[in-house]
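Everything on this sheet refers to the single structure shown next.
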2 protein chains.
Amino acid sequence: MAAKPDGRPVDTSVLEGLLGYNARRASLAVIGHFLQDMAAFELRPVEFSVLTLIASNPGITARQLCQQLDVLPPNLVGLLNTLEQRALIRREPHPTDKRASALHVADGAQTLVQRAQAQALKSDETALAHLSADERATLMALLKKVYAPQQL
Amino acid sequence: MAAKPDGRPVDTSVLEGLLGYNARRASLAVIGHFLQDMAAFELRPVEFSVLTLIASNPGITARQLCQQLDVLPPNLVGLLNTLEQRALIRREPHPTDKRASALHVADGAQTLVQRAQAQALKSDETALAHLSADERATLMALLKKVYAPQQL
DNA sequence: TATTGTTATACTCTATAACTATA
DNA sequence: TATAGTTATAGAGTATAACAATA
């Protein structure tokens, strides 16, 4: 017998009343599903986001990726190098700025990106399995309102 | 002029349709507020959570903290040592299990914990400033449903 | 034989300073 | 003078293996 035996549950009421605690635990759960479902593509969440942004914005620069994803420039370099070595992206000369590169999804990698995006949607299905369609839409809208309140 | 000049916004529609992306960005925003508001107490989010759980559950063990907060035992040791050296907690002999310690908030630290908890609520107010009372309650409930669907 | 707490350690993630080439 | 990309590096966060003491 312990002072807090397994039969007597831990009181988490204070933490459960805080947004940060609930947001962190929900994020951990969602990321857990994502890591599992994306293992087949060998893509981490940030790599998936980078690939998706490049696919949606051909010719995007590293600086724009950094601003959009809250990644610092030094930390993006190795990530882009890896994706380039895996032949998932290519760096082309930027049409007007010789300092920058224009990033594109490599020709042979378009299919992989599309399949990865389809798998990401399935991963969401798993994470949101216990929520109705209305609840899912509400949750997404409220999350956006938290991190980008001015846009809504 | 760039291929993606600042005037032409980056297309994030695919990412914004994914739960993981929205959850991560919302978490970053919330944690940002928390770090700023908790700087006065020199408490990181995990340290605040540990203090709060010990305050709500006097005599709780390190193992129980690890299970509740998804922290691995080796990573909790240094954290508890720091809190003990700062005289915020104390390790007492466990009443029935000589392997474990019974954790308590140090006598002189009860006030600090209460003030930190009040500040955490104010931090939530900041993060949720653009949400109505109804929306806040809904968001918290939906987040819990994501990470602990069986409990609801 | 299993569990609590611990040490050592490694790997990932994130952050800062400074450099180059170009704007 | 400022910016894009890069290098090197440091710090924080997270992970596994192995051990002593106890259950």
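All chains are named by letter (A, B, ...) in the order of the sequence lines, taking the proteins before the strands, and each is independently numbered beginning at 1.
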Atom CG of Leu69(B) to atom C1' of dG13(D): distance rounded to whole Å?
15 Å
All N/O pairs under 3.5 Å across the protein-nucleotides 19-23 of chain C interface:
unit_1, atom_1, unit_2, atom_2, d
dA23(C), OP1, Lys98(A), N, 3.0

Counting only side-chain heavy atoms from C-beta out, which of dT6(C), dT3(C), dG5(D) sits nearest to Val77(B)?
dT6(C)
Rounded to the nearest Å, what distance is computed from the NE2 atom of residue His94(B) to the P atom of nucleotide dA23(D)?
10 Å
In whole angstrom, give the distance that lies between atom CG of Asn75(A) and atom P of dG5(D).
14 Å
Please determine whether a side-chain nitrogen of the Lys or Arg among Asp107(B) and Arg90(B) lies less than 4.0 Å from a carboxylate oxygen of the Asp or Glu.
yes
Ser101(A) side chain to Glu92(A) side chain, donor-acceptor N/O pair below 3.5 angstrom:
no
Of all the nucleotides listed (dT7(D), dT4(C), dT7(C)), which has the minimum atom distance to the side chain of Asn81(A)?
dT7(D)
What is the distance from CG of Leu79(B) to P of dA12(D), rounded to the nearest Å?
12 Å
On DNA chain D, check which nucleotide each of Ala62(A) and Arg24(A) is closest to and give me the residue with the more 5' one.
Ala62(A)
Hey, does the side chain of Arg136(B) reach the backbone of Leu131(B) with a donor-acceptor pair shorter than 3.5 angstrom?
yes
From CG of Leu76(B) over to P of dA12(D), roughly how many Å is that when rounded to an integer?
17 Å
Would you compute the distance between atom CG of Leu15(B) and atom CD of Gln68(A) and round it to the nearest 0.5 angstrom?
8.0 Å
Interatomic distance where CD belongs to Gln64(A) and P belongs to dA4(D) [whole Å]
9 Å
When the nearest nucleotide of DNA chain C is assigned to Leu80(B) and to Arg44(A) on a heavy-atom basis, which residue is associated with the more 5' position?
Leu80(B)
Can you confirm if the aromatic rings of Phe48(B) and Phe34(B) lie within a centre distance of less than 6.0 Å?
yes
How close or far is atom P of dT6(D) from atom CG of Leu65(A), stated in whole angstroms?
12 Å
Take the protein atom CG of Leu72(A) and the nucleotide atom P of dG5(D), then report the distance between them rounded to whole Å.
14 Å
Under the side chain to side chain contact (heavy atoms under 4.5 Å, CB included) rule, what do Leu88(A) and Thr82(A) come out as? Steps first, then yes or no, please.
CA-CA 9 Å; Leu88(A) 298 181; Thr82(A) 301; over 6 Å; no
Output yes when at least one side-chain N/O atom of Arg91(A) is less than 4.0 Å from OP1 or OP2 of dT6(D), else no.
yes
Is there a donor in the side chain of Ser13(A) and an acceptor in the side chain of Asp11(A), or the other way round, less than 3.5 Å apart?
yes
